[in-house]
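None of the values given here were measured: they were computed from a predicted structure.
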Amino acid sequence: MACGHAEVVSRAKSIVIARVAKTRELGEAYEQATTEAFLAQGQRKAECPPRAALTVELEIAARSLNPPNAHQLAATPEVPDIGINPRYLLQAANGRAVMDGDFKDRFQLITFGYTFCPDICPTTLLEMAAVLKQLGNDAAKVQALFISVDPERDTLAQLRTYTEFFDARILGATGSPELVKRAADNFKVRYEKVIDPKANPAHYAVDHSAGMFLLTPGGQFLAKFAYGKPVAEIVARLREEIALRASADGAPLPGASR
Amino acid sequence: MNRATLPLILAGLLGAAMNCGTAHAAGAADQITVSDAYIRLAPPGAMATGAYMTIRNAGPGEVRVVKAASTVSRITELHTHLNEGGVMKMRQVKDIPVPPGGETVLKPGGLHVMLIEMRLPLREGDKVPITLGLDDGSSKVISVPVRNPG
């Protein structure tokens with residue numbers, strides 16, 4: 001906090017909230033440790049650790065805690081970016097099942113939407129395609145996914161045509177309404193069909209949370225990019241994360257083989 | 001309205017900073033100029049796409065766009081987006097006001113003309129006539145190129 005690494009702080013908080021039992025004793029210990037560390041950093045006027053290094057420390061610490069409990073998380077009230085448990089099991093546009101743990105060697109860049117969407121989704125997918133292009137060879141370390149929250153209308157074939165228009169590397173996925181709901185809930189993505197009573201009922205729109213999610217190789221939640229976040233910033237973040245993993249390759253993180 | 005002259009008049013639309021009103025419509029339409037208009041090239045099979053533009057009003061009073069029509073889509077509507085806590089909500093609007101001496105920008109993530117149920121697939125570079133109906137009953141036809149913003 002003293003070093004202004006707001007993103008690391010928010011990640012740390014979300015880990016604590018998601019994985020640590022909410023007891024008074026632990027709560028007080030958390031407060032005290034946070035305050036002491038904050039003051040110590042200020043007094044020492046020490047050099048701040050780079051954000052990347054802190055992130056690694058944090059992820060290592062997180063792995064030593066209890067794994068998140070999916071049922072508990074789904075029931076927690078909606079708070080953006082906190083308690084995102086990026087689990088999903090869907091059907092990819094190529095007909096195969098696809099789930100969060102499938103990409104052990106690749107980051108996942110995920111967005112939710114629907115193909116009837118004339119504006120927000122194409123804009124987001126254009127940006128996703130731009131991210132992949134700008135990453136160059138590093139794009140091989142990223143799996144881009146477009147999850148349709150409109151399984152009623154979006155067939156797998158349609159999804160495939162749609163995503164390929166932007167970039168053939170973007171994988172479309174959807175599933176039964178129940179599986180889509182579960183995936184969206186886990187990501188804290190909200191969506192709702194909006195039917196205009198005066199219009200053709202087949203032309204409904206779907207309100208949905210926009211933006212992109214970034215998961216680590218193996219499928220841990222890393223970051224959420226709000227709609228409209230500049231492509232250059234997303235690329236910069238991905239490059240940073242890729243470099244970080246590459247340098248950590250010599251000393252694999254505990255549990256990385258999972 | 002003389003549609004035959006439109007392609008000539010509007011041929012330079014994409015590059016032109018401004019397209020002056022022509023003599024084909026009376027009333028508010030004469031005060032309105034449209035620039036930077038484009039239709040987003042939609043993925044194959046997409047049911048809908050959006051048209052974007054900057055509408056300038058040189059007149060002394062507010063002009064409202066109350067409807068839009070196009071030959072390429074069965075339904076053409078005026079839409080906007082509301083961003084409510086990261087949830088994007090697309091809603092039809094009854095009009096798009098353009099202030100006197102000012103402009104209104106239709107752009108991704110905000111106001112747009114939505115083309116629904118395309119009658120034919122659009123290709124990049126196609127020019128599509130769109131008629132903007134104004135609140136005084138006059139109308140303005142613009143020729144809008146199809147563009148792939150990627």
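Within a 6.0 Å radius of CZ in A:R160, other residues, nucleotides and ligands contribute 12 heavy atoms or fewer. Under a cut-off of 6.0 angstrom, the local environment of CD in A:E192 is sparse, with at most 12 non-hydrogen atoms contributed by other residues, nucleotides or ligands. Heavy atoms from other residues, nucleotides or ligands lying under 6.0 Å from CZ of A:R106 number more than 12.
Ranked by heavy-atom pairs under 4.5 Å with chain A, the first of B:G86, B:P149, B:G50 is B:G86. Counting heavy-atom pairs closer than 4.5 Å to chain B, the top residue among A:P122, A:A205, A:A226, A:A202 is A:P122. Contact tally against chain A (heavy-atom pairs below 4.5 Å) for B:Q92, B:H79, B:R91: the top residue is B:R91.
Applying the ring-ring contact (aromatic ring centres under 6.0 Å, His included) test to residues at least two apart or on different chains, the pairs with a partner in residues 41-70 of chain B are B:Y38-B:Y52.
Taking both residues in full, the closest heavy atoms of B:P108 and A:Y227 are given as C-OH, 4.3 Å, listed atom of the first, atom of the second, then distance. When all heavy atoms of A:D207 and B:M90 are compared, the pair lying nearest together is OD1-N, 3.9 Å. Taking every heavy atom of both residues into account, B:G85 and A:R190 meet most closely at O-NH2, 3.6 Å.
A distance of 8.5 Å separates CD of A:Q158 from CE of B:M47, quoted to the nearest 0.5 Å. Atom CE in B:M88 sits 9.0 Å away from atom OG1 in A:T123 (nearest 0.5 Å).
In this structure, no portion of A:Y191 lies under 4.5 Å from any heavy atom of chain B. For B:I75, the part lying near chain A is the side chain, with the backbone staying farther off; criterion is any non-hydrogen pair under 4.5 Å. B:A48 touches chain A through backbone and side chain together, each having a heavy atom under 4.5 Å away. For a residue to count as touching a neighbouring chain, one of its non-hydrogen atoms must lie under 4.5 Å from one of that chain's; by this rule B:N148 touches chain A with the side chain only.
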With side chain to side chain contact (heavy atoms under 4.5 Å, CB included) as the criterion, how do A:V194 and B:K89 come out once you've worked through the C-alpha distance, each side chain's angles and the decisive distance to 0.1 Å? CA-CA 9 Å; A:V194 184; B:K89 302 189 169 188; over 6 Å; no

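For residues 133-157 of chain A, heavy-atom neighbours of chain B at less than 4.5 Å comprise no residues at all. Close approach to chain B, defined as a heavy atom under 4.5 Å from one of its heavy atoms, is seen in A:Y114, A:F116, A:P118, A:D119, A:I120 of residues 114-121 of chain A, taken by number.
Under the salt bridge (charged side-chain N to carboxylate O under 4.0 Å, His left out) criterion, B:E124 pairs with no residue, sequence neighbours left out.
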